[in-house]
> 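Mind looking over this structure? Questions follow.
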Amino acid sequence: MNPQGSFLLPLLIALPLLGAIFVMCTPKSESSLHRGLGIAITTITFFVSLGIFKFFNPAGDGFQLVFDVEWIPGLGAHFKTGVDGISLFLVILTTFLMPITLIGTKSSVEKHAREFIAAMLVLEAGMLGAFVSLDIFLFYMFWEVMLIPMYLLIGIWGGQRRLYASIKFVIYTMLGSLLMLVAIFYVYVKAGAVLGTYTTDLEKLLTVALPYNAQVWCFGAFALAFAIKVPLFPLHTWLPDAHVEAPTAGSVILAGVMLKFGIYGFLRYAMPLFPHGAAVWAPALSVLAVIGIIYGAFVAFAQDDVKKLIAYSSVSHLGFCMLGILTLTTMGISGSIYAMLSHGLTTGGLFLGIGVLYERRHTRRLAEYGGIWKQMPVFAGMFLIITMGSAGLPALSGFIGEFLTIFGTFNAGCDPGNGIPCVVGQTEPVHHFIPAPHWLGALAATGVIFGAIYLLFMFHKVFFGKLDKTRNGNLPDLKRHELVAFIPIVIGIFLGGMFPRPLLKIMEPSVQKFIKDFDHRLNEPEWSDHAPHLYGQTPPPGVTALGAVADIQRNLDNVAKGAENAAAEMKRGTP
Amino acid sequence: MTFNPADLGWLVPYLILAITGMLLVLADAFYRGRDRTLLAGLALAGSVGSAIASIVLYRQLAPGETHGLFSDMLVADRTSYVLSAVFALTTAATVLISPAHQREHDWQMGEFYGVLLLASSGTVMLAQASNLITVFLGIETMSIGVYVMTAMRRKSRRSNEAAMKYFLIGAFATGFLVYGMALLYGAAGTMNLLRMQSALSSTQNPGLVIAGGFLLVVAFGFKVAAVPFHMWAPDAYEGAPTPVTAFMAAAVKSAAVAAMIRVFGTALGGDILPFGTLGWASPMVVIAAITITIGNVTAVRQDNIKRMLAYSSISHAGVLLVGICALGLGSPSAQSALIYYLIAYSVTTLGAFAVVAYVGSKGRERLLVDDWAGLASQHPGAALAMTICLLSFGGIPPTGGFFGKFYVFKSAMDAYNGQLLWLVVIGVVNSAISIYYYLRIVTAMYFRESSSPIATTRSAGIVFVIAMAPLLILELGIMPGWWLKLVG
């Protein structure tokens, strides 16, 4: 029933989960054993995830390795997993970053090492589950499961203000995701009525065309959940707090993987399910994305705390990703995914680097550093490459994603047949919802420049200048395990920058299918005033909309009409 | 009414509880010595036996099969036996956590077990009630027992105050209940819940139906502690001994909701609703919305864990009322959603209060959130169990509490053409608020250090409940399919 290799994805979720249970069963005092186990389990998970490539057809555009069993019969919920070109690399990024994080932060967690490793493993299971699930109920479940270990990571192993930061993180994310839950209910109930059976299977839900108003509302609810996660300006305020207080490993995973769920959620759920909603909200979202790019860069420049600086740089970089998917061009979306992967590597690396510094000096203030290059030449070299990668220097990974995103933005709205030329690489006219794409593209491009400025500024303050603080006098260079963590990241940044083609080629079919399906759903003929129906079928006549709102509106109209009639009647009555 | 001895066979779960209860009261009179553990053993045997009897009888019934007992005063169907098994097991769990708590906090009264089982027999009667009379009898048997148990710590002023408040307000609510029933009887000409619906839809006196429905909403609002009839709950929860609080929150509330399922879902549901726009559902939706909100917002301000859980249980009553509204408004899945929710909620409540009973010892009950600081490093098992219970209360997957809320809200979306959407939005936003105060306890347990060693009340019974509850909660959340088949 399930195709060959489909067992891999459930296995990927199960491995860290079983690992976590196993780690919890070992004696409490053996902290080096726990770390070793954690590294071993995540490394095995990584190699298992590479096995996906054995079964994955790079030219295919649909979901592959689909595993599907019925889970809750009464509800129509399935345990259904699968990957396509969009989620594949995000899965690999997750499994790749996990062992590296555990290796790199090997010496930084002293307290409750067993629980720490278990929390990280549960977190990994949750993240992988959310990336591969193809059932909206299953997705929601994993989406929330991720929250608790991250909350514990910040709260137990965090810094001074960890109580505040952890609770802020949870409440922010919960509020968004609960409104998404309401929208899920709505889709579930309406789609169930159209399909004849209730189901939470994403692919089945995607065949149902919802009424126009409902799409606008539901997209809004989904967008809130995902925009908080991205985080999109002005919903980003939880991020600097969470990052600053989180332990190094938490920061790496939070920035490296968890933020991607925002963008991924838009691509996988919000935009395909509610194309009309996307059309309505996209202008606002794209403007916010560009504000985020520039605002994030400016605020990052003003920071003295290195972690805060990188946190704001994430706001800026994720703005590019957000802008990219709204362009609805192959370039923009592939660029956005590529930028996410690159951001995962570079920001993960930057946070690891800050962890290295913090472990030696116990401060994150830029003013406390200076001239470290002489003390830690190997570290400085690695950190330079990662910084440059983040700043988008050509030949490094950050460049490709941002470049493609900006190109995609310029292409949005081009229509060669009608005299609106496209930038290179685009021949088809593009559906788009971005206001003034050229302006937004140009503004976004300035973000690259600002990004280079604050990152180089940071690098300069830490590594160059005089070594005038005595406490920086004898900092040891990278230890072996730290080196082991940095080298794969640096290699990844180089490879990503020099050979983007193979990755983009695997993404392309899925991205093109995404755009095609989106256009197709959006152009469904005269349906927006009708009740939910299947795409491609004649919609039944009926009322639309979120029942209550529309009904109240109608009732009010009736009352008003009645009053008018009565008034007219009275007028006629009086001579 | 004719007495048919063959019907007694369907009443075994009830009879076991009632007879054991009476035996216990007698046994206590002839029992010497302070330690009442032996009585607890008998009570445990009785409640577990009753649960087993319920399961056996459940398996003898086909889905949808019903037997009217004693001229339809009571009914035997699968739903009623699921509920009676849940109530009996709740009683068993209460018995398990009681002896150690009694010993530690010095309220060893042998009557406790007898009264507990008699109150529990009232809950089982409610599970099977299909007549307004039996509903009334069940509610009173249950309530009077609980009033007495609330006052069991005779030396504690709070316990006395709580019992007094609870009793006065409960008695007051009973007045509403009887009056509402009388009006409905006047309109329908029958007390039978199964026949009432058709009788009411052809009644000449719609005014009586509306007034009767409203009075019942008020009466049941008192029983499940819905706002604005909730004032007694925080004091009663705080003052009662912790095992009694657990029984109150889990069994009493669930039994009241079970009665509501019969009264509002069966007798007053469906076609009666043409009176409906003016009928009981309109105040009920408003009450549900206020209950969820006030319960949660007030809980945020609490420092005493028992009071916090009291307000949290008020907000859960609000969610249950959402389910009752959905049921009355014709949602097909509401009944199984409600029963699933009751099971998940009862398990979670028992687990949480078992941990509350566990933490703290003679002279120091440790009921403040601050008292729990650093619990995780000293008693990791209890802290983990409490965390899972709290996450289930808060509705975070993969717990039973999450799925219960999901299912209740989903059934509310089904009802009445999606018009309850606003209620679902309120419920869901409140879940986010509730996370704040539940996590306050988690934060205290895990993120803070304790200044002194935390002594505990340890016994095999308490540890058993603490260990079983989280496992069941996770099982309920990850594999809800089996339970849905059971209750659907």
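In what follows, every chain begins at residue 1, and chains take the letters A, B, ... in the order their sequences are listed.
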> Checking heavy atoms, do the side chain of A/L175, its backbone, both or neither come under 4.5 Å from chain B?
both

> Quick check for you: to the nearest 0.5 Å, what is the distance between B/L439 atom CG and A/I171 atom CD1?
6.5 Å

> Could you tell me whether the side chain of B/Y407 and the main chain of A/L75 form a donor-acceptor pair under 3.5 Å?
no

> Measure A/F185 against the heavy atoms of chain B and call it side chain, backbone, both or neither at under 4.5 Å.
both

> Report which part of A/L179 has an atom under 4.5 Å of a heavy atom belonging to chain B: side chain, backbone, both, or neither.
both

> Go through the atoms of A/L147 and report whether side chain, backbone, both or neither lie under 4.5 Å from a heavy atom of chain B.
neither

> What is the distance from atom CE of A/M141 to atom CZ of B/F403, rounded to the nearest 0.5 Å?
9.5 Å

> Using the side-chain contact (heavy atoms from CB on, under 4.5 Å) rule, take A/Y151 and B/V442 through it: C-alpha gap first, then chi angles, then the decisive distance, then the call.
CA-CA 10 Å; A/Y151 161 74; B/V442 180; 4.0 Å; yes

> I need the B/K410 NZ to A/L181 CG distance, nearest 0.5 Å.
13.0 Å

> Of all of A/P73, A/G158, A/G155, which one pairs up most often with chain B through heavy atoms under 4.5 Å apart?
A/G155

> Nearest 0.5 angstrom please: B/R440 CZ to A/I167 CD1, how far?
9.5 Å

> Is it the backbone or the side chain of A/Y198 that comes under 4.5 Å from a heavy atom of chain B, or both, or neither?
side chain

> Please state whether the side chain, the backbone, both or neither of A/S177 comes within less than 4.5 Å of a heavy atom of chain B.
neither

> Could you walk me through whether A/Y140 and B/F402 pass the ring-ring contact (aromatic ring centres under 6.0 Å, His included) test, one step at a time?
CA-CA 11 Å; A/Y140 185 80; B/F402 164 72; 5.7 Å; yes

> Check whether any side-chain heavy atom of B/F409 sits under 4.5 Å from a side-chain heavy atom of A/V182, and report yes or no.
no

> Identify which part of B/L391 has an atom lying under 4.5 Å from any heavy atom of chain A, answering side chain, backbone, both or neither.
side chain

> Quiz question: by atom type and distance under 3.5 Å, do the side chains of B/Y446 and A/S166 form a donor-acceptor pair?
no

> Could you state the interatomic distance from CG (B/L384) to CE (A/M24), rounded to the nearest 0.5 Å?
6.5 Å

> Looking only at heavy atoms and a cut-off of under 4.5 Å, which of B/L420, B/L484, B/I396 has the most pairs with chain A?
B/I396

> Which one, A/Y188, A/F137, A/F142, leads in non-hydrogen pairs under 4.5 Å with chain B?
A/F137

> Based on non-hydrogen pairs under 4.5 Å, which of A/E70, A/H112, A/E115, A/E144 is most in contact with chain B?
A/E144

> Between the main-chain N or O of B/G481 and the side-chain N or O of A/W71, is there a donor-acceptor pair closer than 3.5 Å?
no

